[in-house]
Amino acid sequence: VQLQASGGGLVQAGGSLRLSCAASGYSFTRSAIGWLRQAPGKEREFVAAISRSGTATVYTDSVKGRFTISRDNAKKTVYLQMNSLNADDTAIYYCAAKDTILTFPTERLRQRALYDFWGQGTLVTVSS
C-alpha cells in the first residue's frame with residue numbers, strides 16, 4: 001500500500017493550494033481517506049476526511065469554509081483544496097487511509113490512531 005501526497009509549497013497568506021493524495025497497491029474504494037497535519041513543535045492533528053464513497057466529509061473547525069476535500073475513485077486520488085490560507089496552516093500535510101465498511105461513521109475519522117496507512121507528507125508554508 002502506497003499513498004503519495006503532493007502539491008505542497010510556499011504561498012502567501014490569502015492564497016490557495018491544492019494537495020493530492022494518490023493511492024496504489026490496494027482497493028482504494030474500500031478506504032476512507034483523511035488529511036492530517038503537523039506544525040513545527042506541535043502534535044499531528046486532524047484536518048479533513050472523506051468517506052470511501054465520497055458522500056460524507058468531516059472537517060476540523062479551523063478549516064471549515066476554507067478547505068474542501070474530494071476524491072476521484074477512478075484516479076485513486078483524494079484532493080484537499082485549501083483557500084484563504086494563513087500562517088496557522090503552515091505544516092507538513094499527510095494523507096492517510098482507513099479501511100472501512102460503508103456505514104462507518106465519518107466523524108470517527110477525526111481520530112488519527114484509526115488510520116491504517118500513511119503517506120510521506122507534503123510541506124505547506126504560508127508566508128504572512
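Quick caveat, the model's predicted, so the values are computed rather than measured. Values below: all heavy atoms of this structure, side chains included; hydrogens, waters and symmetry mates excluded.
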Original post:
Any donor-acceptor pair under 3.5 Å linking the side chain of Arg112 with the backbone of Leu36?
Top reply: no
Original post:
Is the backbone N or O of Gln81 less than 3.5 Å from a side-chain atom of Arg18, with the two atoms forming a donor-acceptor pair by type?
Top reply: no
Original post:
Are any non-hydrogen side-chain atoms of Ile33 and Arg71 less than 4.5 angstrom apart?
Top reply: yes
Original post:
Quick one: SG on Cys95 to CZ on Phe117, what's the gap to the nearest 0.5 Å?
Top reply: 12.5 Å
Original post:
CZ of Arg110 to CZ of Phe46: how many Å apart, nearest 0.5 Å?
Top reply: 5.5 Å
Subject >> Verify same cluster id: Ile69, Val124 (apolar side-chain graph, 4.5 Å) >> reply: yes
**OP:** Check Ser127 against Leu10 and note the closest heavy-atom contact, atom names and distance.
**Re:** CB-CD1, 4.3 Å
Subject >> Short side-chain to backbone donor-acceptor contact, Thr55 and Ser53, under 3.5 Å >> reply: no
Original post:
Is it the case that one hydrophobic cluster holds both Tyr115 and Phe104, taking links as side-chain heavy atoms less than 4.5 Å apart, direct or via other members?
Top reply: yes
Original post:
Is the closest side-chain heavy-atom distance between Asp72 and Tyr79 below 4.5 Å?
Top reply: yes
Original post:
Do the side chains of Val78 and Tyr59 join up, straight or via other hydrophobic residues, at under 4.5 Å, putting them in one cluster?
Top reply: yes
Original post:
If every non-hydrogen atom of Thr122 is compared with every non-hydrogen atom of Gly7, which pair is closest and at what distance?
Top reply: OG1-N, 4.0 Å
**OP:** With rounding to the nearest 0.5 Å, note down the distance linking CD in Gln2 to NZ in Lys76.
**Re:** 11.5 Å
**OP:** Enter the distance from Ser51:OG to Leu109:CG here, rounded to the nearest 0.5 Å.
**Re:** 8.5 Å
Subject >> Heavy-atom closest pair, residues Leu80 and Val47 >> reply: CD2-CG1, 4.3 Å
Subject >> Shared hydrophobic cluster, Phe28 / Tyr94 (ILVMFWY, side-chain heavy atoms < 4.5 Å) >> reply: no
**OP:** Begin from the C-alpha positions of Arg108 and Leu114 and carry the test side chain to side chain contact (heavy atoms under 4.5 Å, CB included) through to its verdict.
**Re:** CA-CA 8 Å; Arg108 290 190 62 195; Leu114 285 182; 3.8 Å; yes
Subject >> Contact summary for Leu85 and Arg66, nearest pair of heavy atoms >> reply: CA-NH1, 3.9 Å
Subject >> Separation between OG of Ser62 and CG of Asp89, rounded to the nearest 0.5 Å >> reply: 7.0 Å
**OP:** Enter the distance from Arg30:CZ to Asn73:CG here, rounded to the nearest 0.5 Å.
**Re:** 13.5 Å
Original post:
When you measure from the side chain of Gln120 to the backbone N and O of Ala5, does any donor-acceptor pair fall under 3.5 Å?
Top reply: yes
Original post:
How about Met82 and Trp35: do any of their side-chain heavy atoms sit closer than 4.5 Å?
Top reply: no
**OP:** Indicate, with yes or no, if Ile92 and Leu17 share a hydrophobic cluster defined by side-chain heavy-atom contacts under 4.5 Å among Ile, Leu, Val, Met, Phe, Trp and Tyr.
**Re:** no
Original post:
Looking only at heavy atoms, what is the nearest atom pair of Leu3 and Ala97, with distance?
Top reply: CD1-N, 3.7 Å
Subject >> Nearest heavy atoms of Thr125 and Leu123, plus distance in Å >> reply: OG1-CG, 3.7 Å
**OP:** Give the C-alpha distance, both sets of side-chain angles, the deciding distance and a yes or no for side chain to side chain contact (heavy atoms under 4.5 Å, CB included) between Arg37 and Leu19.
**Re:** CA-CA 12 Å; Arg37 66 187 179 186; Leu19 305 184; over 6 Å; no
